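Okay, structure first, notes after.
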Protein chains: 2
Amino acid sequence: MGGGDFHDLSRLLSPRSVAILGASERPRSVGSDTLLNLAEHSDFDGQIFPVNPGRERVHGLRAYPAMSTLPGTVDVAVLCLPADAVIPALRECAAAGTGFAVVFTSGLGETGAKGRAIEAEMATIARESGMRIYGPNSPGFSNINRRLGLTFSPVFKDDRLGGGIGLVTQGGGLGRAFIQASERGIGTGLWCSTGNEADLTMADFVHHMLGDPDIRVIALLVEGIRDGPRFLRTARAAARAGKPMVAMKVGKSDYGIAATRSHTAALAGSAAVTSALFRQHGIVEVDDLDELIDTAALFERAGIARRKGICVYSFSGGTAALAADMVGSAGLTLSELAPDTRAGLRALAPSYAAIENPVDLTTQIFTQDTLNRDCLTLVARDPATDVVLLPIPADYGSITNRSADDMIALGAEDGALLVPVWMSGHRAAGYAALNTAGLAPFRSLGKAVNALRRLIWRGDWSLSPAQPPSMSELPSGELDEAGAKAALAGLGLKVPEGRVVTTAGKAEEAAREIGFPVVLKALVPGLLHKTEAGAVAVGLTDGDALAVAWDKMAASLAARGHQLDRALVERMEQGQGIEVMIGLHRDPVFGPVVSFGLGGVMVEALADVTHRAAPFGRSEAMAMIDEIRGRALLDPLRGRPGADLCALAGLLVTISTLGSHSDIEEVDLNPVHAGSKGATLLDALILRARSNIQGKANQ
Amino acid sequence: MGGGDFHDLSRLLSPRSVAILGASERPRSVGSDTLLNLAEHSDFDGQIFPVNPGRERVHGLRAYPAMSTLPGTVDVAVLCLPADAVIPALRECAAAGTGFAVVFTSGLGETGAKGRAIEAEMATIARESGMRIYGPNSPGFSNINRRLGLTFSPVFKDDRLGGGIGLVTQGGGLGRAFIQASERGIGTGLWCSTGNEADLTMADFVHHMLGDPDIRVIALLVEGIRDGPRFLRTARAAARAGKPMVAMKVGKSDYGIAATRSHTAALAGSAAVTSALFRQHGIVEVDDLDELIDTAALFERAGIARRKGICVYSFSGGTAALAADMVGSAGLTLSELAPDTRAGLRALAPSYAAIENPVDLTTQIFTQDTLNRDCLTLVARDPATDVVLLPIPADYGSITNRSADDMIALGAEDGALLVPVWMSGHRAAGYAALNTAGLAPFRSLGKAVNALRRLIWRGDWSLSPAQPPSMSELPSGELDEAGAKAALAGLGLKVPEGRVVTTAGKAEEAAREIGFPVVLKALVPGLLHKTEAGAVAVGLTDGDALAVAWDKMAASLAARGHQLDRALVERMEQGQGIEVMIGLHRDPVFGPVVSFGLGGVMVEALADVTHRAAPFGRSEAMAMIDEIRGRALLDPLRGRPGADLCALAGLLVTISTLGSHSDIEEVDLNPVHAGSKGATLLDALILRARSNIQGKANQ
């Protein structure tokens, strides 16, 4: 499937003919293992062409000295070659009309500038020839649903369990760990590992999977995103296709950022921005590899649906209490069992059992063989219960095996989603039976609840409508605070009434016009940290105070080599309210991104900020406002009225439209006074892109 | 071992003679399983007396009709009896001079008032007879190191792996899950499950384990703590004994609090207070059962030691990057490898391997058999490396088995602590070998890093010196704000200069004495929410403003049925600073507890508060200050000076001494102005205990 700026990858992932450059018989070598994986461990009925100038035959197949000697073009050429041979070989492949090249070779972009230059050349070859390149520094791919591997992995032959999960990674080892979840009955249908992404990126493979009817969930292991806006477009397409994306992102700390750079040459980007933009695009973010596996498996089984009520069901009171506790701590909801359900449970269970949710049947299930089956059936069919969480604390042999069988029998029927958790290190027949039946239990209760939280979140999430491009007009050139405020006022935003003045006398005149108390702010080109430089005076209540402030400000600026020959006099914002900050910046990965958080000193001290890719509409803006930790500070509190959230959301939307002005590098509104009637920009900074400013200067 | 208010439990846990009331031969019954567990599955060479009036013999042993017919006294009587038989049987046991009674019976305190009354009677029997009672609603205990079980568990016979972990739980099922970690080579030496704790509590068993030389780590699964101060004393004793305590507390959400109450009748207490007091006492708190097991096992292997540098070591670059990322996110430190170590690695590893920390040997270890062993040895002996974190992403069969063998061989030598993580669902010989060797791998990378964080925290933690009882004097009787401030000023604390006045005229006189601007606060007995009632006026800059404020306040109070006939005029605190809150309350579980957090509206909106059991010294006070999320707001910021942390700590210590005044119910200082020179109590409330006030009224 092709479309848009995405190339059709079906002949890469299901080729009819493959050339293997560097094919070899040396045991445990990449050239040998790759050939054997395709020739012996894949169900591949296409043509295989070993390319090796030093041999007549390789593993019984006729070998060719060069790509030019092949009897025809091939869909895929696999390069099992050292770093210095890559570029000549790629040129040879391109010249031979090859569709795709797979490059395993390590030691390129991840090792330094020389390697990065080679990768840039690879990209040029791809662009100029039309031959698309997979890798380098990639272990290849495993198309398990088609039983085909172009990979040198020595354990590919064990990859036999396909399934509805599509996995896209950048490295190899962690992807292999994911594949080995097949031991628990969790099958991966297609695993692509894009390595350093000289040409094809994760987004290309996600896009392919959206068109693959066998893939129902996409799991991503992200070290860095090379084409942020394109990646986000793919995420929107996934949302429209109803295929959940579950992602783990490496690079949340400085150690991780440095390590990913040396691993797959990936630019990690800001973790906070990535997380917020994933949320905005419905991508379910997880924090660990086991969570990626278990959450993807849960989505594969459960699909996307609105769910709410959870029933905790156990035969151990302590376990039931712990599970209910975790449900509560995660902000999830225990279902209120219907009267019929409760009456049914009451009739079946012993008097000391807990039949309210959480349900604790007690060890009575040890001696009463059908108790569990009958009660579980009642709970799974309870109208208020969407999910039954089944923590199994310990393995009691035949008793636990029977419980597992009860779940499996029920799982085939309609009813609530069953989510078993096997908490014990003892794993006998019941555990294996659940895995085989496709009910792979979680192994950690907390992680199960966390996965449910994510499942329920995704069920509630919906794609915001795409925003039309901005129509907002801004004056060109560099803008000082007065200019920026005037421009933003022109977009309908609220700024304090103010005048630009050039002398102390004019300042007083202006202040009388707009009314005391006022604020005086120096307008000095290029001056940052205005407060520290003494360039701001607030709470000036009369002409004398203003005159004193002017002189003091002039002296302070003079000491720093500036002159006070232009200033802004503004009416001081009165009334209660809270300060917030709103920013727009050009993220190196994702492009224009709007930030929102508590303002003033709080933004620095509490780092309570969230983000969205621009532009966006009011519902996203409201979601931003709701997700900061200090959200409650915007509510009415101790007699102070709440902030005007509608105005705040509108302000965020307007700022987000500025993202499409490619000449705007940054907008910084801090603080914004979030009052009960409107939000006022107390400070405003608009930075033009440097190239653009220089461009203007040269005109 | 006895001592203090702790009873010697050795004859309970290692009895010489046991009577089993309700002993039976009915298959799968409690009376039968308990007898078989002791007679057949324990190495018990003492006497067993089945007590059953209906039988001559039970399971081949001579049965007795009643306790009074036994040939002598017994160390332990085990009650396998229904709820209504418990009290008569306990009386019978006590009359027969029994040392301890174990009560399995459920359906008592956890079901309601009637059951709680029975438990109160049990406590009375214990107190009056000296016979100590274990339970009710307990599954018994397993003294695995001595191979002795007084329990009805049908799987006790499998509990064969003893070890250095002592486990104390209140319920059964989760404890059983812990015991089954024996499958992973994690052995529990003694498991006590105290049930509803009518008499003996968790603290008694922790105290016993401190004296048991075979127990090196204590794991706790807490639903509720009945004797908070005694529990904390035991934690201090554990710290002095060098035995780490690792605890999981159920009851963090409303669902969990309700569920624990119905499970073991436990009062959950505030989760935030419990967590903070655990920290204060060196108890390592974990959040899930698997964390309890793995963290306890790590402590058993590693002991308490100062550790810092972690080296991440892998053969997968992505896995190494993920692990390093998590180390960074957890606030931990990657070790800087010594030049010798790096030179050694450089000489051994391929050129494209990463030999800085994180170390990534690449798949070269697949083909170079001794590479892993040699490099791991270098890293484990690196002088800056205290811990080697070894994430194993996937099972590569013989290759992974060899890596495991390398770890096991090295683990026996001196060097850094090795912490393997087995991330794959595939678990072949290498996994089993690590378990058998006592190197049970973590299964989740994030959980491994989290456990390391806790291990390192505990290594750095030290017990604060015990505080002498308070010598502070406070006036008796109820105190209004002026009285409370005067009393606190008497303890050396800083309050704004102020006067108590009775008329507007006197208020102005007072204001002129102390200097404008001033604050006016009505002193109305029993008036809460003073701001909302209009009983506070701030920023009064002159006599007119004060007079207007007085009249307005009088009107507002009159509208609420109060009179303004007493008020406090205070100098208004000037200057920059931040508002914090300090409180003292009598916690229902732990007694006097001091709270500290951001003040004003922030405490309500952000709930950024921490706690300590009172009294405490300056180092604890500093730790409190450091652990609030908004800690950075107390630092110098944008030209504003930082808060006087010394003064703040001193204030916390002084308030903590008030905890020993049993007539003080609550102290609430909110806000406290944390300025750059001292901390000023802007508001102060001291609530006397109600009984005490009534006592005074009756004098």
Side-chain angles (χ1 to χ4, degrees), chain A residues 28 106-107 111 155 171 173-174 176-177 180-181 183-184 250-256 259-260 262-263 287-290 316-322 324-325 327-329 334 352 354 358 366-367 393-396 423-426 443-446 531-532 601 605-606 630 632-633 637-639, chain B residues 28 106-107 111 154-155 171 173-174 176-177 180-181 183-184 250-256 259-260 262-263 287-290 316-322 324-325 327-329 334 352 354 358 367 393-396 423-426 443-446 531-532 601 605-606 630 632-633 637-639:
Chain A
R28 300 202 292 186
S106 297
T111 58
V155 290
L174 292 172
R176 171 61 42 198
Q180 290 190 344
E183 292 288 317
R184 295 167 49 218
V250 184
K252 296 185 175 172
S253 70
D254 290 345
Y255 290 149
T260 53
S262 78
H263 179 232
D287 300 316
D288 204 345
L289 183 75
D290 53 344
S316 153
T319 309
L322 176 62
D325 198 19
V327 166
S329 293
L334 290 180
Y352 49 88
F366 289 15
T367 49
D395 190 336
Y396 290 90
M423 299 166 71
S424 173
H426 196 286
R443 283 82 40 93
S444 155
L445 186 50
T531 306
E532 287 81 345
V601 296
L606 298 181
L633 290 170
L637 205 65
R638 292 200 169 183
Chain B
R28 300 202 292 187
S106 296
T111 57
V155 289
L174 292 173
R176 169 62 42 201
Q180 289 189 343
E183 292 289 319
R184 294 168 51 219
V250 185
K252 295 184 175 171
S253 71
D254 290 346
Y255 289 148
T260 52
S262 78
H263 179 234
D287 300 316
D288 204 346
L289 183 75
D290 53 343
S316 152
T319 309
L322 176 62
D325 197 19
V327 166
S329 293
L334 291 180
Y352 49 87
T367 48
D395 191 336
Y396 290 90
M423 297 167 71
S424 172
H426 196 286
R443 282 85 39 94
S444 154
L445 186 49
T531 307
E532 287 81 346
V601 296
L606 298 180
L633 290 170
L637 205 63
R638 292 197 170 185

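Model, not experiment: these values are computed from the prediction. Quick note on labels: first sequence line is chain A, next is B, and so on, each numbered from 1.
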Segment of Asp290(B) engaging chain A (4.5 angstrom heavy-atom cut-off):
side chain
Whether Ser424(B) side chain and Ala177(A) backbone form a donor-acceptor pair below 3.5 Å:
no
I'd like to know if the side chain of Tyr255(A) reaches the main chain of Leu334(B), judged simply by a donor and an acceptor atom lying under 3.5 Å from each other, with no hydrogens or angles considered.
yes
Counting heavy-atom pairs under 4.5 Å to chain B, which of Ala354(A), Gly318(A), Ala632(A), Gly630(A) comes out on top?
Gly318(A)
Please look at Ser316(A) and chain B and tell me whether the side chain, the backbone, both or neither of the residue comes under 4.5 angstrom of a heavy atom of that chain.
side chain
How far apart are the closest heavy atoms of Lys252(B) and Ser329(A), and which atoms are they?
CB-OG, 3.7 Å
Quick one: which of Gly425(B), Ser253(B), Ser444(B) has the most heavy-atom pairs under 4.5 Å with chain A, could you say?
Ser253(B)
Treating Arg176(B) as the side-chain partner and Pro393(A) as the backbone partner, does any N or O pair qualify as donor plus acceptor under 3.5 Å?
no
Pair count under 4.5 Å, heavy atoms only, with chain A: among Ala320(B), Gly446(B), Ala321(B), highest is Ala321(B)
Just how far is it from atom CG of Leu445(B) to atom CG of Asp287(A), taken to the nearest 0.5 Å?
11.5 Å
I need the residue from Gly107(B), Pro154(B), Ala394(B), Ser106(B) with the largest number of non-hydrogen atom pairs under 4.5 Å to chain A.
Ala394(B)
Out of Arg443(A), Arg184(A), Met423(A), which one racks up the most heavy-atom pairs below 4.5 Å with chain B?
Met423(A)
Where Leu174(A) and Thr319(B) come nearest, the two heavy atoms and their spacing:
CD2-OG1, 3.3 Å
